[in-house]
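The structure appears below as C-alpha cells.
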Amino acid sequence: MRMENESHYYGIYIHIPFCERKCYYCDFLSAPSTEERKEEYVQALIKEIEAKGSFISKEYVVRTIFFGGGTPSLLTGEQVERILSCLKKVTTWNETVEITMECNPGTVTKETLVCYRNAGVNRISFGLQSTNNEMLKRLGRIHTYEQFLESYRLAREVGFSNINIDLMSGLPRETKEDWKKDITTIMKLTPPPEHISAYSLIIEEGTPFYYQYSSGKELPEEEEERQMYEMTKELLETGGYSQYEISNYAKSGFECLHNLFYWTLVSYVGFGIGASSYFENHRFSNTSDMDTYLDIWKDFEKGKQLCFSYQDKKSDFKDETISLEEDVVEVDNISAMEEFMFLGLRLIQGVSKEEFYKRFQIRIEDVYQDVIQDFIKKGFLIETSHRIYLTKEGISISNYVLSNFLIDRNND
C-alpha cells in the first residue's frame with residue numbers, strides 16, 4: 001500500500017451537501033435542496049476550483065479525487081463533467097488518478113452512470129448500510145435493498161469495475177444473525193464488490209437517533225458489538241477480502257487510496273462548503289454556511305481579490321480581499337507526530353518506524369518508548385524491527401490505545 005513519491009501527491013475532496021432527506025443518524029453537512037440551488041452551488045464550486053487551483057504548485061500531482069456528501073449522485077452527469085473538467089484544467093493529474101463518487105441506491109440511472117464514467121469517475125461507493133428493508137426504514141434511508149440491487153446492476157453494466165459498499169452494524173434491535181446475513185448477502189453479489197466498508201453506528205449529538213437511543217436502549221450490548229466486529233473479519237476473509245484498516249476490507253489491489261491518504265498524512269485539499277484540507281503542514285476548512293460560501297463568489301465576480309489564506313495567514317487583509325478558508329492552523333511537529341500515530345495505527349499494518357524517522361528526524365522509540373512497551377506488555381501492540389501495529393485485542397479498544405499517543409507538552 002506504500003505510494004511512490006507520495007510527498008508530491010495529494011488528494012482532492014469535493015463536498016456535495018445535498019440529500020433527498022436526512023437519515024436519522026446523520027450529522028454530516030447536508031440538506032435537501034432545489035435544482036436551482038444545486039446549479040448555483042456547482043457554479044460557485046467551479047469558481048473555487050479555478051481560484052484555489054491557481055495557488056497550488058504544479059509540483060503537486062493529484063492522485064485521488066473523492067466526491068462526498070450528502071449525496072453526490074444527486075448531481076447530473078453534466079454537472080459532474082463540468083467539475084472534473086475544471087479540475088483537470090487547473091491542476092496536474094497522475095495518469096492513474098482514482099476518482100470516487102459516493103452514490104445512494106435509487107438516485108442513479110444508467111444515463112447518469114454513463115456520464116459519470118465518461119467524465120472520469122472510476123470508482124463508485126454505494127451507501128447501502130443494510131440489506132434489511134425494515135432496518136433501512138428504521139435508519140431513515142430513502143431506498144430499499146431491491147433499489148440497491150438495480151443500482152449495482154446498472155453500475156456493473158456500464159463498466160464500473162471498482163465498487164465499494166458501505167454497511168453499518170450495531171443498529172437498533174439488530175442481532176448478530178442480522179449482521180451475518182448482511183455480510184453474506186453482499187458477498188454473494190455477482191460479481192461481488194471489490195471493497196466493503198463495515199462501520200459501527202455512532203450516535204451523534206443533535207441527530208434524531210441521539211434523542212432516541214443515546215441511553216443505549218435497543219442497541220446491541222458492547223460484547224455483542226465486539227462479536228459482530230470479529231465476525232466481520234472472519235466472514236470477509238472467506239470471500240477473499242483483506243482487512244487493511246479497522247473498518248475497511250478490500251480485494252487485493254482495491255484499497256481506497258483516498259482514505260489511505262488521510263490515514264498516512266498525505267496532503268489533500270477540500271472544495272465546497274465545510275470541506276477540510278491538510279496541505280503543506282496546515283489544516284484549514286471552508287465556511288460551513290451555504291449563503292456565506294455563495295456570497296464569496298458573488299464578491300469575486302464584483303472584482304474582489306482572492307487569497308489562499310493559509311499561505312497569507314499573517315497578512316493584514318484589506319476590505320477588497322476575500323479569504324477562502326477559515327480556522328487556519330499550522331500543524332506543529334508534536335501535533336504531526338500525534339496524528340501520524342493515531343491515524344496510522346488504524347491501519348492493520350500499523351506505522352513504519354522508518355517513515356516516522358524520515359518525517360520527524362527522530363526515532364519513534366525516543367518519543368513513544370514507554371507507551372509502546374506498556375501496551376506490548378498488556379497485549380495491545382506488536383513491535384517488529386520495522387513496524388508497530390495493534391493486536392486483535394488492541395483493535396477492540398483502539399480509541400483507548402490511540403488516546404495514549406497524545407504527547408504531554410508540559411514535559412517538552
Hey, are the side chains of [X] and [Y] touching, using non-hydrogen atoms and a 4.5 Å cut-off?
X      : Y      : result
Val351 : Leu343 : no
Glu338 : Phe405 : no
Ser267 : Phe261 : no
Phe209 : Glu204 : no
Lys217 : Gln212 : no

ask   = Do Ser335 and Asp332 meet the criterion of a side-chain donor-acceptor pair at a distance under 3.5 Å?
value =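 Judged by distance alone, the side chains do pair up.
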
According to salt bridge (charged side-chain N to carboxylate O under 4.0 Å, His left out), who are the partners of [X], at least two apart in sequence or on a separate chain?
X      : result
Arg173 : Glu218
Glu78  : Arg82
Glu222 : none

Are the ring centres of [X] and [Y] closer than 6.0 Å?
X      : Y      : value
Tyr278 : His282 : no
Phe356 : Phe340 : yes
Phe375 : Tyr400 : yes
Phe279 : Phe284 : no

request  = Among residues two or more places apart or on two chains, list those pairs meeting salt bridge (charged side-chain N to carboxylate O under 4.0 Å, His left out) that have a residue in residues 281-291.
outcome  =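 The answer is Arg37-Asp291, Arg283-Glu339.
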
request  = Can you run down the salt bridge (charged side-chain N to carboxylate O under 4.0 Å, His left out) pairs that involve residues 377-405, sequence neighbours left out, and say none if there aren't any?
outcome  =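 Every pair satisfying salt bridge (charged side-chain N to carboxylate O under 4.0 Å, His left out) with a residue in residues 377-405: Lys353-Glu383, Asp374-Lys378.
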
Geometric cation-pi criterion, Lys251 with Tyr241: 6.0 Å, 45° =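 Pair Lys251/Tyr241 counts as cation-pi.
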
Salt bridge or not for [X] and [Y], using N-O below 4.0 Å?
X      : Y      : answer
Glu157 : Lys110 : yes
Glu355 : Arg359 : yes
Lys180 : Glu177 : no

query = side-chain contact (heavy atoms from CB on, under 4.5 Å) with Asp166: which residues, sequence neighbours excluded?
reply =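 So Asp166 forms a side-chain contact (heavy atoms from CB on, under 4.5 Å) with Ser125, Gln129, Asn164, Ser197, Tyr199.
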
query = Is there a donor-acceptor pair closer than 3.5 Å between any side-chain N or O of Asn133 and the backbone N or O of Thr144?
reply =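 Judged by distance alone, no pair lies under 3.5 Å.
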
request  = Could you walk me through whether Tyr9 and Asn94 pass side-chain hydrogen bond (donor to acceptor under 3.5 Å, both in side chains), step by step?
outcome  = CA-CA 8 Å; Tyr9 284 146; Asn94 177 269; 3.0 Å; yes

